[in-house]
Amino acid sequence: MDTKELLKKVRKIEIKTKRLSNHIFSGEYHSSFKGRGMTFSEVRQYQYGDDIRNIDWNVTARYNEAHVKVFEEERELTMMLMVDISGSEGFGSKSQFKKDIVTEIAATMAFSATQNNDKIGLILFSDNVELYIPPKKGRSHVLRIIRELIEFEPKSQKTDVGAALKFLSGTQKKKAIVFVISDFMSENYEQTLKIASKKHDITGVRVYDIREEKIPNLGMVTMLDAETGKIQLVDTGSKTVRMNYEKHYHDRVNYFKEIFSKSGAGVVNTRVDENYVTKLLGYFKSR
């Protein structure tokens, strides 16, 4: 992709996702993810209904009139976007690939965080961490993240969610809001998720295509495994083959839902042909 085409694509995604974050997400994001605590702001006169535990006795004694301390939420947060760039993200049977939706969701979340003056970092992963951009603030930083989401070419086509979570725990010492965006066709990440979710506020956003759920009966078909690069002849006319594929797929999906819920992490499921805005808003409101 040449520079002109890339900038055009970045701008297109910025216009769409920034509009969404400005008009829809920023308020919901702010109320869903709290700051680290409360910080002292000012002292004012006591009003009926104020919490008496907040009375500043020194000021009250000085003015011979009740005054209370006012606190504000200590807002500054760090958002980490962990994005799966393995081979299976290139799948798409409708008008968009999973990768396109993943990029839009990540960009929307990044602009929502920017609205709240939070830092945003990026981890692109396959079966290892392929790129790490440390958290920073600002529009130009978000645009760099979007550029990487569009044009980064992974070295591996495989997936390992556990390796990415281990990297997160090693690099982010303070609590972060973490969105893991993937199709979660991975396993054996229970322990690393458990450790990471004790420190961070983690949400798994599963992006999938309805055509992945089952194989249609098309007879003998040559198939390519996007993650292993292996090409083989598959008899889709065999009921056993179709059932085994379906079981394998649903085992991975159920593992994702179960492990994330057990670890106290959030779960969002969105199909490529569904409105991810509605899904994310519903999730924020339920928190």
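Values below: all heavy atoms of this structure, side chains included; hydrogens, waters and symmetry mates excluded.
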Please step through ring pair (Phe, Tyr, Trp, His ring centres under 6.0 Å) for the pair F184 and Y208, ending with a clear verdict. CA-CA 9 Å; F184 291 94; Y208 67 102; over 10 Å; no
So V178 and I202, do their side chains get closer than 4.5 Å, heavy atoms only? yes
Kindly indicate whether the side chain of L165, heavy atoms from C-beta on, has any atom under 4.5 Å from the side chain of M82. yes
Quick one: ring-ring contact (aromatic ring centres under 6.0 Å, His included) pairs with a partner in residues 120-170, sequence neighbours left out? Y132-F167
Note: with side-chain heavy atoms under 4.5 Å as the link, the other cluster members for W57 come out as Y46, I52, I55, V68
Under 4.0 Å between a side-chain nitrogen and a carboxylate oxygen: does that hold for [X] and [Y]?
X	Y	answer
K98	D183	yes
D209	R211	no
E14	R11	yes

Verify salt bridge (Lys or Arg N to Asp or Glu O under 4.0 Å) between D84 and K158, making sure each step is shown before the conclusion. CA-CA 10 Å; D84 180 356; K158 298 174 184 176; over 6 Å; no
Taking atom types as modelled and ignoring hydrogens, do the side chains of T108 and T17 form a donor-acceptor contact shorter than 3.5 angstrom? no
Tell me if the aromatic rings of Y255 and Y189 count as close, with their centers under 6.0 Å from one another. yes
Measuring from E104:CD to L149:CG, what's the distance to the nearest 0.5 Å? 11.5 Å
Search all heavy atoms of E246 against all heavy atoms of K214 and return the closest pair with its distance. OE1-CB, 3.8 Å
